[in-house]
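Each chain gets a letter, A, B and so on, in the order the sequences are listed, and its residues count up from 1.
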Amino acid sequence: MNSAYSEKQCIISGVGQSEIGRRLPRNGLQLTIDAVKQALDDAGLSRADIDGVSSWPGQLQHAAPGFSPVAIGDLREAMDLKLSWYNAGYEATQMSAVLNACLAVASGQARHVICFRTMTEASSMAKGIRSSVLGTGSQRISGTFQWQLPFGAFSASSWIALVASRYMHEFGATREQLAQIALTARSNAMLNERAIYRDPLSLDDYLASRMISDPLCLFDCDVPIDGSTVIIVSHRDCAPDLKSKPVHIEAIAGPLYGRDSWDQQADLTRFAAEDAGKMLWSRTDFRPKDVDFAELYDGFSFLTLLWLEGLGFCERGEAAAFVEGGERISRDGQLPLATHGGQLSAGRTHGMGYFHEAVKQLRGEAGSHQLAGERKLAVVSNGGGNLAGAALLRRE
Amino acid sequence: MGPAPELDELNAFFWTSGADGELRMQYCDECHYWQHPPSVCCRKCLGEGIAAKPLAGTGTVGAITVNRMPWMPGLKVPYILVIVELDEQPGLRLTSAMPGVEPGAVQIGDRVKVCFEQREDVWVPFFELLS
Ligand SMILES: [Zn+2]
């Protein structure tokens, strides 16, 4: 395997997370600084050591309130950071903050890079703004959303529900099978005092819940939060100087080989997750069978099914059968998923939260929700539709 | 149901096509290829000889959902959203809706035809059951 790949020079040296909640009394920048301080302390670094910041999608304060309220410039100014390299941008894969940090560190542009993702969607919603629902104003729509919003397809719940309906039709998947993603997340969240939803959830509760966009119900959709997650990507040569146990980035990928569209791809039920799987496994000698647990994107439960297939944990069309009954994806199963409760029950940290959780699990520091046994290799995935990124994280 | 698109030089033909009751998309005569959304060239041959051409306006329901969430004040729910597989070419699709059709009255595989709703200077292509 090509040891010159950028990510193989990199480790995750520190992780941090602010309080995660529904309507917190702290703003996005304050939450971000909370998470940065924690990550620095975790790594044993000071802010003077930080010479890079990487983020996705960059500040989108006005376009989508609460979705990405913090600019890199805000953080740099507030913490007086001296940056050799910094980058954020919307036209990039959801995992680009971490992927770009690896490129920067491996090429010598920076040595310790803060990657952050901050959301204040819960507070925005409380003010009556649905940040994740576009086009509800009176303005005209341009760009790719014109192919959804004028028809009344306002929310990602509908875009994904459409594809889920097709998947169920083609492969005979059922709501009872899909429910296992939500039920597994909830049972893990019950062990995690930082999760948002911790009440027991039964299959009957799931089946009886309010439908949002058929076949997706309330429990198939993740929960908007206020909160910030930070990981620090460092050069692996720094490992001996750190307080933390290093977690290696064995492979990372964020490709898009198909159409940049939610409805024109060659096969309607194959998202870019499949592309990410292909590229990820081309950058490592490890194989899906070597993975000890997976933090797969569950912004909607259905996306997790496509990730299971895209990353090769099961065959095409078999993900629903793979999760049936829930045993295989439970904490004691062959492939534990959503070990902190996922975005479905622990909150929409929008991708970065899975890195935080995977690092904690790999180090054996997940506390009340730590998995039993030795856990050396984890997959993290981000995104749905035309956005897909995946990373393979490895403990020494 | 939903905002109108901003018309520009690329998309105007699509969004005003319903004025004469026809659905149009870009077609490349060289490749015999339909493409959507519209672009400046054919994505197969990169030729610029692509032009708006009428489709039959018929297709098959490839995916369906019933949106039940009133995402904004005044939005009447539930309503049906569909992805229609257009007859002209495998994989040529349109995300759309079937206003006025009862949830449960349509399923994947049903045959549909286009119908238009005028919104100011825009004609939004919706679908109805082909009977
Ligand atoms: Zn052509």
Side-chain angles (χ1 to χ4, degrees), chain A residues 125 128-130 132-170 209-218 220-221 258-270 302 385, chain B residues 1-8 10-11 14-15 34-38 43 61-86 89-99 103-104 107-109 117 119-127:
Chain A
M125 279 177 67
I129 306 161
R130 287 190 176 274
S132 61
V133 180
L134 302 155
T136 50
S138 56
Q139 75 280 21
R140 290 216 165 191
I141 305 300
S142 56
T144 59
F145 292 123
Q146 71 179 294
W147 308 114
Q148 291 152 326
L149 308 186
F151 303 98
F154 294 112
S155 158
S157 63
S158 288
W159 315 341
I160 289 166
L162 282 163
V163 176
S165 79
R166 180 72 203 182
Y167 184 94
M168 288 177 159
H169 174 81
E170 280 185 33
S209 75
R210 187 159 54 91
M211 297 304 288
I212 301 295
S213 198
D214 305 4
L216 303 181
C217 69
L218 183 64
D220 292 311
C221 307
R259 296 292 298 271
D260 199 352
S261 158
W262 284 77
D263 55 21
Q264 302 298 313
Q265 61 269 39
D267 181 341
L268 199 50
T269 59
R270 286 178 204 258
F302 174 70
Chain B
M1 186 166 66
E6 179 85 46
L7 298 184
D8 59 38
L10 268 184
N11 71 8
F14 178 89
W15 288 113
W34 293 92
Q35 76 175 10
H36 182 76
R43 60 196 308 276
V61 174
I64 187 166
T65 185
V66 178
N67 175 54
R68 298 179 188 275
M69 282 290 284
W71 295 111
M72 57 185 148
L75 183 67
K76 279 195 210 156
V77 292
Y79 56 86
I80 297 176
L81 296 166
V82 288
I83 296 176
V84 174
E85 305 265 0
L86 297 164
Q89 179 178 291
L92 183 70
R93 308 190 192 94
L94 198 56
T95 297
S96 183
M98 297 185 66
Q107 47 194 334
I108 289 175
E117 179 190 286
R119 235 176 257 169
E120 299 168 22
D121 55 349
V122 160
W123 281 258
V124 180
F126 289 126
F127 286 84

Checklist entry - Between the main-chain N or O of D263(A) and the side-chain N or O of S261(A), is there a donor-acceptor pair closer than 3.5 Å? => result yes
Checklist entry - Given the options L75(B), V124(B), V66(B), which has more heavy-atom pairs under 4.5 Å with chain A than any of the others? => result V66(B)
Next on the checklist: Donor-acceptor pair, distance only, cut-off 3.5 Å: does the side chain of W159(A) make one with the backbone of A153(A)?
Outcome noted: yes
Checklist entry - Does R259(A) offer a backbone N or O that forms a donor-acceptor pair with the side chain of Q264(A) under 3.5 Å? => result no
Checklist entry - Would you say the side-chain atoms of Q35(B) pair up with the backbone N or O of R43(B), donor to acceptor, closer than 3.5 Å? => result yes
Checklist outcome for this item: Whatever's closer than 4.5 Å to a heavy atom in chain A on L10(B) counts as neither
Checklist entry - For the residue pair R166(A) and G62(B), what are the closest heavy atoms and their distance? => result CD-O, 2.7 Å
Checklist outcome for this item: From the list V61(B), D121(B), V82(B), the residue making the most non-hydrogen contacts under 4.5 Å with chain A is D121(B)
Checklist outcome for this item: Ranked by heavy-atom pairs below 4.5 Å to chain A, first place among F14(B), F126(B), W15(B) goes to W15(B)
Checklist entry - So which of A97(B), G91(B), S96(B) has the largest heavy-atom pair count under 4.5 angstrom toward chain A? => result S96(B)
Checklist entry - Using non-hydrogen atoms only, which part of S157(A) is less than 4.5 Å away from chain B: side chain, backbone, both, or neither? => result side chain
Checklist outcome for this item: Honestly, the part of P73(B) sitting under 4.5 Å from a heavy atom of chain A is neither
Checklist entry - Any side-chain donor-acceptor pair under 3.5 Å between T65(B) and S213(A)? => result yes
Checklist entry - Which answer fits V77(B), side chain, backbone, both or neither, if we ask what part of it has an atom under 4.5 Å from a heavy atom of chain A? => result neither
